[in-house]
Amino acid sequence: MKITVIGGGPGGLYFSILTKKAMPHCEIDIYERNKPDDSFGFGVVFSDETLGEFLKRDMQSYELIRSEFAYWDDIVVARDGKKVSVAGNGFCGCSRKTLLKLLHQRCQEEGIRLHFEQNIENLEPFKDSDIIVAADGIGSGVRTQFQNQFGTQIQMKTNRFVWLGSTKPLDAFTYFFRTTPFGSIVAHTYQYEEGMSTWIFECSNETWEKLQFEVDNENDTVSKLSEIFKNELDGHPLITNKSHWRQFPHVTNKNWSYKNIVLIGDAKATAHYSIGSGTKLAMDCAIGLSDAVIANPSNVQAAFEQYEKTRRNPVEMIQYAATVSLDWFENMDRNNQHPFYQFSFGCMTRSKKVTYENLRLRDKSYTDKVLNEFKEINQFESNSAAYTPFKFRDLIIENRIAMSAMGQYQAENGLINDWHFQHYTSRALGGLGLVFTEMTAISDEGRITLGCPGIYNDEQTNAWKRINDFIHKHTKTKTAIQLGHAGRKSQISKNLIAASPLPFSENYPTPSEMNREHMQQIINQFVIAAQNAENANFDMIELQAHHGFLLATFLSPLTNNRTDTYGGSIENRLRFPLEVFDAIRNVFPKEKPISVRISATDWSENGISENDVYAISKAFKEAGADIITVSTGNTVVNQQPKGGRMWQVPFADAIRNTVHIPTITAGNITDIDQINTIILSGKADLVALGKPLLLDPYFAIKAKAYEAIENIEAPISYEKGIQTLVSSEQTSRKQIEKMKRALKPKSNKK
C-alpha cells in the first residue's frame, strides 16, 4: 500500500507511525510545507487519558513525550488577584516544536520518508497513491480544493484570541481573568517546559475594538497585554511567534473522505482550545484512521467507512462540548458578575462534561468553598444547593426541584379525575418543591386535545381544589397552574384563532387572525381562569406563552406577520401577551407569584432572536412577572433543535444573568448532580423535571437521601421507610463514587 500524507503536524506523523509499525511493507511519504525545526505556537496539552492511549499504542512515542513534558495536577482560576486551586486534574504540557522533533525521530526509526519545505498545491503527482491523508490544518488546501465534495462548513466565532509565550513559570494550568474598563480578558496559561509557558489571551470583539488592538501589530499587543497582566506576569516578558489576533474557525465536514482522500486533524474538525488541545483531537483521529486502515488493508473505502463510523460521534461530542465551553468565554462579561467561587465553578463546569460531583471527588476542599459561598448568599444551611429554599413574593418553596408541566390527556370535557389526583399528589408526596399542572385551558375551545383539562367552570375548579387541599394538608409542596390557550395548535376546535392566519402545518386548518373582539374575549377568559385558580387554592400561576400556542404566536416573527400595532417590532408583538399578563396579575392575589413560560428560540431560521428574548423577559419582569420558565422550540414544524444533556440550560442562564430575573430551566436533566451543578453555577434558580418523574414520583425524596440531608421528612404513614431509604441511597452513592474513582485515568507523572 502506498500512502501520501499532506501535512507534517502531530496528527499526520502519528498516523504514519502507527500504520507503518503494523504494516511495515507499506510506503508512507509525508510532505510538510515548513522546515523541520519550524513551529508555530508554543505548547500543546495532553490529559492523563490521552497519554494512557499513547502508552498502549506506541510505547516509544509515549516514553519520548513523557521525558519532555511538564506535568500538573491543579487547575487555578484567578480573577483580579483572587484565586482558587482545584486539584485532581492530570494534564501535561509539551513544547510543540519538541513534540514534532520527537515524532520526526519515530518516523525515521520506522522508515517513513519525510519531505520538508514542500507546499503541495496539486495532487496529480500522487494519483497512484492508495490513500492521500489531508493533515494540512485548519486552512487545509486539500479540503478547500474539494470543499463541495467534503461538504465543508466553517463558522467564525466572535471572540478574538492571540497565542503568546512567556518565561513566567507556572505550577498549574491557570485561567487569569482581568476586568478592565473595556470588558473582561482571560489568559489561558500553562507551562510546557522548564522556563517556558503558553499564554493564550482572549476577549470579546467589542473589548478588542475598545482596546484598539491591531490584528498583526505584535509590539502593540505585547505592550497592552503586559500592562493589563503585569501582576500575573510578575516581571516576565511576553514572547511572540507570528502572534496575530484571530477568531476561532469552527470547522465541520459532512463527508470525511472523497475518492482516495481522507481528512484528519483540524482539516476535518476543530475544537476550541478552551476544552483541550486540537493536537489531542488530531492524534485521537490518527489512531482511529490507522486502526481502520490496518483492519482493511485491501479495501480503502471500507477503511474510510470504519474510520468515520468509529470517530464521528466522539468528534461531534467533543465539538459540542467545545462549543458550549467557548460560549462561556464569549459571555465572560455576563459571567463575571457572579461572586468569585460561583464564577470559578461556572468556569470549571462550563462544558457540561464536569459536574459538581466530579469536582467534589477530585477536590472536596474546593467544592466546599463553592457550597459555603452559596450558603452564605442564601442564608441557609444545606449540604445540597438543590435543597435550599427559594422565595418569591410571599411564597417559599422548600427546595429547587419542580415538576414541569406534562400533558396527561386523561381529562373528560375539561374535567380532571382520579388519574390526575394520583398523578399530582404522588409527586407532592415524593418531596418536590413545586408542582406545575399540565397546560390547563381557559376555555373549552382553548384545549389542545379532548383529553386536556380546563379551569373555566365551577366543577373543574372544585376538582383542582380537591388536589390542592390534599397536597397542602399532607406535604410542603407548592402548586402552580399553567394557564393557556391552544390557539392554532388546537386539535379539537373548528374555529382556530392566532396572531396571524398561518396554519401550524398542512394537517391543521388555517386560523383566523385575531381582532380586538377576539382579544378582549381571550383576556376575559384568562381573568376568569385566574380567579378560579385562586378559588382552587393554587399557590402560583404560570402563563403559557411558549411552544407556538396562542400567546406565543404573537411573540415569534415566524407566526406573526401582522401590520397593525400587534405586529412588526418586538414591542408590538409583546402588546397582547402583556395585556393578558396585566389582566391576570390584577385579579390574582399580590402575595402570590406568577411565572411566564416562553420559548427562547424557535430552532428555525428567521425565528425569534436573542435580543427579542431579552426584550420579552424584561417586559414581563417590568409588568410584575416573578420568574421566567425557559423552554425552546415547537413554534413551527420545520424546527431543527439541538438536544443533549441539559440542552436548554444556556438559554435560562442567558436570560437570568442578562435581564436579572430568576429562571426555571428544563430539558434532559436527569439527576441531582446536574441539578446542583446548574444552581451552584448561577445558571437557573429552579430546575423542572419532566420524564424522570413519570415513573419515579419519589425522585426528590430519594435524591435528598442520596445527598445525606438531615431531617428527611415524609408523610407520617411513610416515616418508617426513611432509614431504609437513606441506607439504600447512601450505599448506592458509595458504589457510584467507587466506580468513578476506578475509572479515573492513572497519573502519567514522572
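All heavy atoms count here, side chains included; hydrogens, waters and symmetry mates do not.
One distance of note links CG of D602 with CG of L558; it measures 5.0 Å at 0.5 Å rounding. Residue K621 holds its NZ atom at 13.5 Å from OH of Y614, rounded to the nearest 0.5 Å.
Classified by interplanar angle (parallel below 30°, tilted 30° to 60°, perpendicular above 60°), the ring pair W199/F176 is parallel. Between Y192 and F42, the ring-plane angle classifies as tilted under the 30° and 60° cut-offs. Between W72 and F91, the ring-plane angle classifies as parallel under the 30° and 60° cut-offs.
Checking T310 against D291 by side-chain atom types alone, no donor-acceptor pair falls below 3.5 Å. When only modelled atom types and interatomic distance are considered, D136 and S140 share a side-chain donor-acceptor pair under 3.5 Å. A side-chain N or O of S274 and one of S325 form a donor-acceptor pair less than 3.5 Å apart. Donor-acceptor pairing under 3.5 Å is lacking for the side chains of Q149 and N255. For the residue pair D48 / Y71, a side-chain donor-acceptor distance below 3.5 Å is found, with atom types taken as modelled. No side-chain N or O of T198 forms a donor-acceptor pair with one of R96 less than 3.5 Å apart. No side-chain donor from either of S257 and Y307 sits under 3.5 Å from a side-chain acceptor of the other.
Only one option out of R645, K352, K642 pairs with Y320 in a side-chain hydrogen bond (donor to acceptor under 3.5 Å, both in side chains); it is K352.
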**Request:** Report the C-alpha distance between W328 and F343 in whole Å, list the side-chain angles of each, state the deciding distance to 0.1 Å, and finish with yes or no for ring pair (Phe, Tyr, Trp, His ring centres under 6.0 Å).
**Result:** CA-CA 11 Å; W328 191 91; F343 171 82; 5.5 Å; yes

Could you walk me through whether F329 and H188 pass the ring pair (Phe, Tyr, Trp, His ring centres under 6.0 Å) test, one step at a time?
CA-CA 11 Å; F329 285 101; H188 310 245; 4.8 Å; yes

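Remark: Y356 pairs with no residue by the ring-ring contact (aromatic ring centres under 6.0 Å, His included) rule, at least two apart or across chains.
Scanning all heavy atoms of the two residues, the minimum distance from A78 to K83 falls at CB-CB, 3.6 Å. Here the shortest heavy-atom pairing between L281 and A269 reads CD2-O, 4.1 Å. Of all non-hydrogen atoms in N668 and G644, the two that sit nearest each other are ND2-O, 3.2 Å.
You'll find the side chain of R573 reaches within 4.5 Å of the side chain of D612, heavy atoms only. Here the side chains of V76 and L170 are not in contact, with every heavy-atom distance at 4.5 Å or above. Annotation: side chain of Y273 is not in contact with side chain of V45 (no heavy-atom distance under 4.5 Å). Inter-residue side-chain proximity for V630 and T665 is flagged as unmet; no heavy-atom pair is nearer than 4.5 Å. Between I318 and K280, some side-chain heavy-atom pair lies under the 4.5 Å cut-off. Side-chain contact between I608 and T635 is absent, with no heavy-atom pair separated by less than 4.5 Å.
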